[in-house]
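First the proteins, then the strands, lettered A, B, ... as listed; each starts at 1.
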Amino acid sequence: MTTPTILANWLVQVGEGDRAALKSIYNATSAKLFAVTLRILIDRSEAEDVLQEVFITIWRKAAQFDAARAGAMTWLVTIARNRAIDRLRSRPARANVAIELAAEIADERPLPDAILEAGGEAAKLQTALSMLDPRHAGIIRAAFFEGLSYEALALREAVPIGTLKSWVRRGLLRMRSELAT
Amino acid sequence: MIDEPPVDMNADEALAADFALGALDLTQLRAAELRMLRDPAFRAAVEAWQADLNTLAQQLVETVPSPEVWERIAAEIDPIVRAKAAPRGLWASLNFWRAFSVASTSAAAVAAALLLAPVTPVSTSQPLLAATLKSTDGAVLISAAYDPYRHSVILSPSGNGPDAQHSPELWLIDGSAAPRSLGLIDMNRPQQRSIAVGQLHPGVVLAVSIEARGGSTTGLPQGPVVATGKLSIV
């Protein structure tokens with residue numbers, strides 16, 4: 001298990017041009033970051049393309065990583081999500097892969113009890129989300145994992161976009177207040 | 001569209017949450033990225049939401065990518081391999097441009113266009129200028145290089161353009177002077193823009209904005225600026 005401190009140190013080294021440190025980060029995080037891009041893009045080769053872009057971005061931007069501002073994994077996941085969502089939004093509308101046809105979708109699942117009992121950040125977040133209206137929590141999860149826009153989410157949920165935004169933002173605020181307790 | 005944020009979240013806070021969640025459409029996304037650059041309070045709000053939300057990724061089942069992914073990354077960050085690689089992507093094409101400006105006879109698209117046109121001698125003291133136009137998240141949209149032989153800027157776009165209702169427009173920004181349009185850009189192919197002698201020098205900024213189809217009607221950027229890059233001597 002790579003600790004956040006080790007990961008942050010590697011990022012600092014990558015910022016200094018250390019290619020071996022980038023490989024270490026890749027070994028430690030590529031399976032997770034690939035799950036992020038694959039869940040959003042569905043198409044495996046496109047998700048791998050984007051994963052490559054993600055690591056090139058990490059290589060170029062590592063010097064901007066500031067451990068005082070963000071956790072290393074948060075920073076890496078942000079890059080992976082941003083690149084994947086960028087790619088998703090840049091697709092011609094009809095090129096979007098029908099989710100029903102995707103045989104190999106990386107799935108997400110509730111955290112194992114052992115992790116929940118350990119009570120880390122992820123466990124707190126899962127607990128906070130479980131306090132929300134299940135439908136609202138589901139929409140927040142779909143936005144996060146699938147990279148869906150408000151427009152797409154509103155279509156899927158068959159509610160006006162204003163209603164949907166209101167649900168999501170209220171849900172996020174509620175989630176945040178639960179996290180703070 | 002105007003929609004009511006919840007009473008305890010103002011429009012800026014709502015935008016920060018929307019952006020961190022990843023629910024914006026492409027145009028809003030670009031605008032938010034630009035905002036990240038110039039508004040520290042907004043950036044801090046986005047980062048706070050990212051810190052809250054991104055641990056969700058722990059719930060994803062890890063999936064191992066194919067080994068070729070690392071091989072491609074390694075090739076791209078290796079300076080020797082990179083210089084020899086075909087000009088795929090802008091990172092590579094900037095290096096390609098450097099190589100070309102020395103003496104390369106490589107027949108890539110940009111070079112071919114240049115080699116076909118007649119050239120006039122130019123003083124070797126004329127600096128070669130280049131800029132990499134990046135979005136706020138570091139994505140390279142365009143690499144630009146000044147060709148002193150032809151007084152032109154050579155543009156190599158990344159291929160990712162906006163939807164058909166929008167047009168990317170290139171701007172030249174010199175100090176505090178008003179931005180000057182260098183015209184619309186086709187994001188799918190290399191191209192050049194003629195430019196008067198003396199207008200480009202180190203420190204001049206090239207920027208891309210996303211305008212309504214056909215470009216700005218006022219002579220100034222009307223849409224969000226999605227990428228900027230400062231010219232420097234190669």
Closest non-hydrogen contact found for A/R44 with B/V64 is NH2-O, 3.1 Å
Bottom line for A/A70: the part with an atom under 4.5 Å from chain B's heavy atoms is neither
Under 4.5 Å from any heavy atom of chain A - which part of B/E47: side chain
So which atom in B/I73 and which in A/F55 form the shortest heavy-atom distance, rounded to 0.1 Å? CD1-CB, 3.5 Å
Residue B/A48 versus chain A: region with a heavy atom under 4.5 Å: both
Under a 4.5 Å heavy-atom cut-off, does chain B meet the side chain of A/K61, its backbone, both or neither? side chain
For a quick check under 3.5 Å, do A/R141 and B/Q59 share a side-chain donor-acceptor pair by atom type? yes
Main chain of B/L21, side chain of A/R81: is a donor-acceptor contact present, judged purely on distance under 3.5 Å? yes
Need one label for A/I140: side chain, backbone, both or neither, based on atoms under 4.5 Å from any heavy atom in chain B. both
What distance separates B/K134 NZ from A/T57 OG1, expressed to the nearest 0.5 Å? 9.0 Å
Under a 4.5 Å heavy-atom cut-off, does chain B meet the side chain of A/L22, its backbone, both or neither? both
Heavy-atom proximity to chain A below 4.5 Å, by part of B/L29: side chain
Highest number of heavy-atom pairs under 4.5 Å with chain A among B/A20, B/G22, B/A51, B/A17 belongs to B/G22
For B/T63 against A/F34, the heavy-atom pair lying closest together: O-CD2, 3.2 Å
Between the CH2 atom in B/W70 and the CG atom in A/L51, the distance rounded to the nearest 0.5 Å is 10.5 Å
Only one of B/L60, B/N54, B/L56 clears side-chain contact (heavy atoms from CB on, under 4.5 Å) with A/V36; which? B/L60
N/O donor-acceptor pair under 3.5 Å between A/R19 side chain and B/I77 backbone: yes
Can you give me the closest heavy-atom contact between A/R169 and B/M9, atom names plus distance? CB-SD, 3.6 Å
Between A/T78, A/L179, A/I85, who has the most heavy-atom pairs with chain B when the cutoff is under 4.5 Å? A/T78
Side chain, backbone, both or neither: which part of A/L125 has an atom under 4.5 Å from a heavy atom of chain B? side chain
Closest non-hydrogen contact found for B/D52 with A/R176 is OD2-NE, 2.8 Å
Which one wins on heavy-atom pair count under 4.5 Å against chain A: B/A139, B/A57, B/P65, B/S66? B/P65
Contact between A/R60 and B/V140 at the side-chain level, heavy atoms closer than 4.5 Å - yes or no? yes
Search all heavy atoms of A/D86 against all heavy atoms of B/L26 and return the closest pair with its distance. O-CD1, 4.5 Å
Please classify the contact of A/F144 with chain B as side chain, backbone, both or neither, using a heavy-atom distance under 4.5 Å. both
I'd like to check B/Q50 versus A/V77 (side-chain heavy atoms, cut-off strictly below 4.5 Å). Are they in contact? no
Quick check on A/E48 against chain B: is it the side chain, the backbone, both or neither that has a heavy atom closer than 4.5 Å? both
Passes side chain to side chain contact (heavy atoms under 4.5 Å, CB included), B/L24 versus A/R89? Steps please. CA-CA 9 Å; B/L24 298 177; A/R89 299 281 188 276; 5.8 Å; no
Which atoms of B/E68 are under 4.5 Å from chain A, going by heavy atoms: the side chain, the backbone, both sets, or neither? neither
Heavy atoms of other groups near B/R213 CZ, more than 12 under 6.0 Å: no
